[in-house]
Amino acid sequence: MGEPVIAVRGLGACAGAARILEDVSFDVEAGEVVTLFGPSGAGKTTIAMAVAGLSRPGVTVTGEITAPARVGYLPQDGPGTLNPARRIGRALGELVALRHPKQAKAERRARVAEVLRAVAFDEDPDGILRRYPHQFSGGQRTRLALAQILATEPGAIVLDEPATGLDTLARAAVTDRLAALAGTGVAILLVTHDPVVVERMDSRALHVHDGTAGPMDPPARRPVVRLRESTPSGGEALARLENVSVRYGRTAALHDVSLAVSGGETVGIVGASGAGKSTIARCFAGLVRPARGVALADGVPLLPLRKRNAAQLAAVQYVWQEAASSFDPRRTVCAQVAATGIRLRGLGSRDAKAEALDLLAELGLTAAQANRYPPGLSGGQLRRAALARALLARPRILVCDEVTTGLDHPLSARILDHIDGYRERTGAAVLQISHDLRTLLGRADRIVALDHGRVVETTTPRALLSGAATGLTGLLEADHLGDPS
Amino acid sequence: GGGTSIDTFSAVFKGSGADEGIDPGVGHLFIDEARNKALYDGLFEVDDTMRPVPRLAESGEPNADGTRWRIKLRDARWHDGKKVVAADVLYTLARVLGPAGPQPFIAASTLEAVDLTQSRAVDDRTVEIALSRPSFEFLTALSAYGTRIVQDGAKDFDHPVGTGPFRFASFQRGKQLVATAYEDYWDGKPAIARLRILSADTDARLTALRGGQADFADDLTPAAATTLRGSGGVTVNSTPNSGIYYFAMKTDRPPFDNPDVRRALMRMADRDELVKVALQGQGEAANDVFGKGFEYYADDLPQHTYDPDEAKALLRKAGAENLTIDLFTAPAASGFVEAAHLFAEQAAKSGVTINVRVGSGDTYYSEALTSGQLTMGQSGPLPIPNHFGSRLLTGSPQNRTDWKDPEFDALYGQALATSSAGERAALYHRMHEILYDRGGFLFWGNASWNSAASSDYRNIPAGVPNALDWARFDKVSR
Amino acid sequence: MTVPTRFVLRRLVLGAGQVLILLALVFGLSLLLPGDAADVQNSDLFSARQRAETRQLLGLDVSPLTRFLTWLGHAVTGDFGTSYASGEPVSAVIAEPFAVTAVLAGLTTVLLIPVAGWAGFAAGLRPGSARDRVLTAVSVLFDSIPDFVLAVLLVAAVALGLGWFPATSLGVDLPMMLEEPGYLVLPLTVMVARVAAPLVRLVRAGVIDVCAQPYIEQARRLGVGRVSLLLRHIAPNALGPAMQELGRTGDGLLSGVLIVEAVFVLPGVASALIDAIGDRDQPVILAIVLITGVVAIAVNVVIDLLGQLMTPRGAWA
Amino acid sequence: MVAIPVLVAVFGPAFEALAPKERQVPFGPSTWSPFGTDRLGRDVLAAALDGGHTLLLVTALTVLCAYVIGFSAGMAAAVAPRRWLEDLLMRPLDVLLCLPSLLIIMVAAVRSNGSAVAIAAAVGLALIAPIARFVRMAARDVVHGPVMDALRMQGESRRYRYGRYAVRELARPIAADVGVRIGAAVYFLASANFLGLGFDTTSTDWAVAVAANKDGLAIAPWSVLVPGGLIVLLVLGLNLLWDDLLADPRRIATNDAVRAARHG
Ligand SMILES: Nc1ncnc2c1ncn2[C@@H]1O[C@H](COP(=O)(O)OP(=O)(O)OP(=O)(O)O)[C@@H](O)[C@H]1O
Ligand SMILES: Nc1ncnc2c1ncn2[C@@H]1O[C@H](COP(=O)(O)OP(=O)(O)OP(=O)(O)O)[C@@H](O)[C@H]1O
Ligand SMILES: [Mg+2]
Ligand SMILES: [Mg+2]
């Protein structure tokens, strides 16, 4: 073997007095895939950024890193790397041209289509090319951000959670593609918390834990799906969509979707990236106005967000898919979480703060972390803070858009336990949007599958596992769930 | 004189945009006058003491009672070669006394006494003008604004044909007049072959002169004059008694209907300080009578002095203590607002509160004519009889002090009808005494008029504005 | 695309209304000034009777509303009436001012965009650097020196001191000016300095903000060339606010250029307007405001259109 | 840098009281300070000491009021969910934008007898439209971003969302803009005076002084340079100060970390 493409020696990092990383060393050779695997807040992003040659505000990095001058880097907040003012086709075309300046237009177009296919955009490339980033779903944007990197064909890539928000099929496609890329001699450093990715990539995994990185045993056995004893309440549906259709300009995102969640029930929503899951959530949150149909809470039509009063706001809470970008960067996380309590429940600021800190602690955030500004927290930490912010309102309807992406298994279990506990205590209706079918199977009372904006299946986990649900077999197989164990 | 000819001479005057014109019957701005002076001639023009001197006329003689004036014309030619004849004079008079266009003829009121039906051409070069009432000051009236002679039958005043030293070439309103030397000018061909009269704002006039884009700049601020004095290659002319600054008390309404209040005000003004500050020292204190340095000026009257205590006493006498007065002013001329505020400070020493009200400079004089108690103004040089006639008679169109005094009116009528100049002077003196004692005008300063020219030239015009020697470029030489 | 067409159409329809309101407002304001054209023309020498005659001859004795509507009716047919002050047709009065201003404004814009763009980017790309400090200081300095001081100093130093350029354009008409561009150098310098100063600061602020965005970092990392990075990636996101400032042409042309016109004796629209206001010459005032208003509103439409195109976040509707 | 003009403005009047009151020769030497006298024969330094507080106060208030209104209008337009609402807000402002500001100021000055309040209001009025357009443009992204929705969902008051969050988020461009507007406000009157549109030129207000004394630029340069210099210092200083204060969020995180380190 030749020289490693990426060599990290004695990497340390500290933020103020806190040590984030300690003596991390590893190599990535050409054609090799190294995954950094570990719990949220362990320091994975810090390592990835260091390798990509980026400094993190407030963090001082020590140690020695050898890496090629040009490393393709996908930050954890992938969508943020898309220029909002440029059409995707143009943006990718430009990057392709960087690599092949003399290419003819047609060839270039073909190359762009190829890159898009690599990140699992199969259909209608023309329509896609003309769109601006804000016209895509969260997962689609992450993939587009990845596509930008692939378009430049770098010799080394650092990817921070590329599979966030990807459905299992897309995830499979993307990981396969990355594996193939490694086959062409590209060195890949991958950050993930997702054991499936680790496994599929056939990579060398490093376990990042408390700021240290060590070799890892083959990924832990994925937990066996344990089905929840479903207790269908059968009562009046608390949250309901009636024949809802949503359009974004000329793109139709939902067609005639009906859906009901009763109090005390968890309904999981699954579907390919771009299927319309977030749009459903946004209907409840009052962020989009259905072109047809209504969203109801307690039988009463939901108003657009800006028209809701405090009680109505508190009743329906939504956890953003891109949690990090829903925080005001200039105000401490704790204050932002507490604000919910102050505004929606009329708590005093001291009480609200205490309650916020308690809740955050329960979700695994220390007081010190909570008192930082958002840029000082890891992606997973912010996601939990976003959940806390919603929970503090004591909502009757909680809509979670991929709250557990980017969280390692024990932590996500803890989060979901908390949500379950809350649901049971208060009889709230919970809508869980997730790509993590495995987890969802164990948590949801019912699962709604979406495809191209239509409900294709509404089923229970049990029925699903028993193979009765045909619409989801693809997703199931991609997650190796096809064969019930 | 006599030297080489001057190719092009550019003189820059204070411009006024679309207002400007070259119709000699209506133009009333200084720049209009400068242009008219280049293109036309009047029968008479006034000299620096405001005494009429013959120009296109050779002489003017009244009959015994001053009701008919016989005027002999000079042997002069129009720019188109025609001779100047009596009919031209009669046509000019008929024009300015006839129906006006959108812009009135200025001389309509000064020449109001002319009786056209009785006037006639005696021969080609003699004209007899009849007046409806006697006036031995008629020649002064004939030298006023708007009286320059136009050709008989002239209609097109956009392409003027005059008798003046320069021949019209082109005119752009608000920008420039170009004129060329008229070889057959009766007073000799000008040395300047091509004369440009340009209009520009105050600062631009200074800049243009300093930058060599203009050879002559008129109406410079005191500061500009000071600046230029310090720089070489430029000669600054400062003509005294060229602008008379005043406060005008409306004598027909309280508190100024009481002569003692007027007397008090005359003692409330520290004229020296006003001149020093408002006129930046470039002028002299005035003495509440108009026309220092002009014919008939009463210069034997003792100077009114600043005496706050005396003013207070007078006010007490008038029962007008703790007086509050509105002083209406506007940035209509340089130094107005400054003078108003300064005067307010000075008056405060006599216990009088003066509220300075600042109006719009564009319409100030029209507004000030009728409104307010105390207004201010500046007057260009004007023959003293004209000053009396246009501002101080009961029916005067410009009666800024609403001065209505039968004794005064009678004296004026008597003066006009008096053929002896000495006796007239005595009557005017009487009138001055009245005004000095209890008139409505508080004349506080006689400003100098600053103009400057490149030192390359000689015989640069430097008369008081409105007078013969002001803005006369036909004698300029190298 | 059909949607922007609709946007433009609707804005143009609204624009017609805006111009109408603008004209009405300006007319109303001009009435609020004391006196009228007859009063202004009245010098120290006219009597009240003469003024009344003048008023009648100018048609000032009819009600202002009638005057306004009559003017408007004629203006629609392209006839702007007759100037009160000079008695000439308004179109003749304003032709040269507009030509001068068009040249001045056109050249300024041509120079402004590269100057302000360059300086704004140069400063914004390296905030805190010496270059930035200098550029910021210079632009703030230009912004805080009154234009007339700048103009007068420039004239004193460059024209009178060094004699490089003529100090004023006194008595020079437009064709001559174009033949001998020396006349335009100083006025343009002042204009560009004045207008560019605030723009530089807005561009700089925009650039700094945009450069901190992850998509710019990413583009840079992916090896996008400098030029493309500036023009295609940073500029569209950073220039919005600065363009809004550019959109102030309406008032800018009318009042901002005034100083330059006055100092350098350039007979442009601004001086023409001020003269007309001074003369209470309403036909001329209205004609000037009509034309500049149309231009300004059109420019605003274009700028809003560009703004939408450059940052396509909101939907057309 | 800001300190000098502010100190002069605040403490100036006290020192100014020591200056001789009688008028000297305009644009001449002065008995009291080396800067000579101004157009009115007052000591230049004394006038400058006296004129700061009005300028500071009037400009600050004018820009503040214009900003409050312009900001609200621009922000409301940026937020407006309906096109017609936005048009309702912005189109009248476009008209205002085309309105010759000098005409407004002239009318205000003449109609109010030169009252400072009326003139300041006119200047403010002239500032509103550009501010509103600017704010609308700058705010469009911010008000439609997820943070704004999140704050809304938290029930944060409108005042907090727009008054605090949006302002903070827009602080940098707004600061740049405020600087521009202050410059504009200060010199509106000065320019108007330069052109002889004329108001009361006897006040000692720095901006007015610059205009009133411009005649003397060649013979008594200090009469323009002292008040002018103070204004330049003020505007320049404010801008540089803002630049330092308005760090980006990442800087805040850094400072935060440094603080944390210091405390243990
Ligand atoms: N500016 C900062 N000041 C203090 N601590 C910081 C700062 N930035 C990051 N941290 C802390 O450093 C730790 C490592 O963060 P990092 O983003 O590398 O974690 P991660 O492994 O990527 O987590 P996740 O999976 O949640 O993204 C976290 O606990 C985070 O709170
Ligand atoms: N503003 C928009 N304009 C146009 N199209 C949009 C817009 N937002 C979303 N879409 C499209 O609507 C569809 C549904 O989007 P949505 O965000 O609901 O997907 P999703 O199921 O949440 O996907 P993901 O798992 O990637 O988050 C997608 O195809 C997306 O491209
Ligand atoms: Mg991370
Ligand atoms: Mg989504």
Side-chain angles (χ1 to χ4, degrees), chain A residues 14-18 55-60 84 134 282 285-287 289 304-306 308-314 316-332 336-346 368 371-377 386 389-390 392-393 395, chain D residues 75-83 85-86 137-175 245-264:
Chain A
C14 54
S55 64
R56 198 168 184 179
V59 175
T60 9
H134 74 274
R282 293 166 64 82
L287 293 171
R289 195 187 292 260
L305 179 60
R306 58 172 79 216
R308 295 183 188 175
N309 61 27
Q312 290 165 329
L313 284 172
V316 183
Q317 284 288 313
Y318 169 50
V319 184
W320 265 259
Q321 180 171 9
E322 283 158 20
S325 57
S326 73
F327 278 95
D328 173 359
R330 292 179 174 81
R331 195 179 175 205
T332 61
Q336 295 192 57
V337 173
T340 308
I342 300 171
R343 296 292 169 192
L344 295 181
R345 286 182 32 225
N371 279 317
R372 284 187 211 142
Y373 290 89
L377 291 188
R389 181 172 64 180
L392 209 62
Chain D
M75 195 57 106
V79 177
R82 293 270 183 279
R83 197 93 208 179
L85 202 66
E86 186 181 344
M137 186 70 201
R140 264 204 345 209
D141 292 353
V142 172
V143 297
H144 293 300
V147 180
M148 195 51 96
D149 284 333
L151 288 175
R152 227 175 243 138
M153 183 160 288
Q154 279 186 289
E156 281 291 9
S157 65
R158 207 165 273 154
R159 217 180 62 219
Y160 180 85
R161 277 178 298 166
Y162 300 116
R164 294 273 304 278
Y165 163 67
V167 170
R168 252 187 292 144
E169 199 65 12
L170 296 171
R172 193 198 307 272
I174 284 187
L245 292 184
L246 296 172
D248 64 339
R250 310 205 289 158
R251 278 268 274 292
I252 294 178
T254 314
N255 297 345
D256 192 40
V258 172
R259 210 169 22 216
R262 215 177 289 136
H263 292 302

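One distance of note links CG of A:Leu287 with CE of D:Met153; it measures 5.5 Å at 0.5 Å rounding. Interatomic distance, A:Arg330 CZ to D:Arg164 CZ, rounded to the nearest 0.5 Å: 12.5 Å. The CG atom of A:Leu313 lies 10.0 Å from the CZ atom of D:Arg152; values are rounded to the nearest 0.5 Å.
Interface residue A:Arg289: only side-chain heavy atoms are found under 4.5 Å from chain D. Of the atoms belonging to A:Ala314, not a single heavy atom falls under 4.5 Å from chain D. With a 4.5 Å cut-off on non-hydrogen atoms, A:Val319 does not touch chain D at all. Using a 4.5 Å cut-off between heavy atoms, A:Arg389 touches chain D through its side chain atoms alone.
Comparing D:Glu156, D:Glu169, D:Met148 by heavy-atom pairs within less than 4.5 Å of chain A, the highest count is held by D:Glu156. Heavy-atom pairs under 4.5 Å with chain D peak, among A:Gln312, A:Arg331, A:Gln317, A:Arg308, at A:Arg331. Chain D forms the most heavy-atom pairs under 4.5 Å with one residue out of A:Ser325, A:Ala310, A:Gly286, and that residue is A:Ser325.
The two residues A:Phe327 and D:Val147 make their nearest non-hydrogen contact at O-CG2, 3.5 Å.
Side-chain contact between A:Trp320 and D:Asp149 is present, with at least one heavy-atom pair separated by less than 4.5 Å.
Below 4.5 Å, heavy atoms of chain D meet heavy atoms from A:Ala339, A:Thr340, A:Arg343, A:Leu344, all part of residues 339-346 of chain A.
Under the side-chain contact (heavy atoms from CB on, under 4.5 Å) criterion, D:Ala77 pairs with D:Glu86, D:Leu89, D:Met90, D:Arg136, sequence neighbours left out.
In D:Arg158, the CZ atom is not crowded: 12 or fewer heavy atoms of neighbouring residues, nucleotides or ligands sit closer than 6.0 Å.
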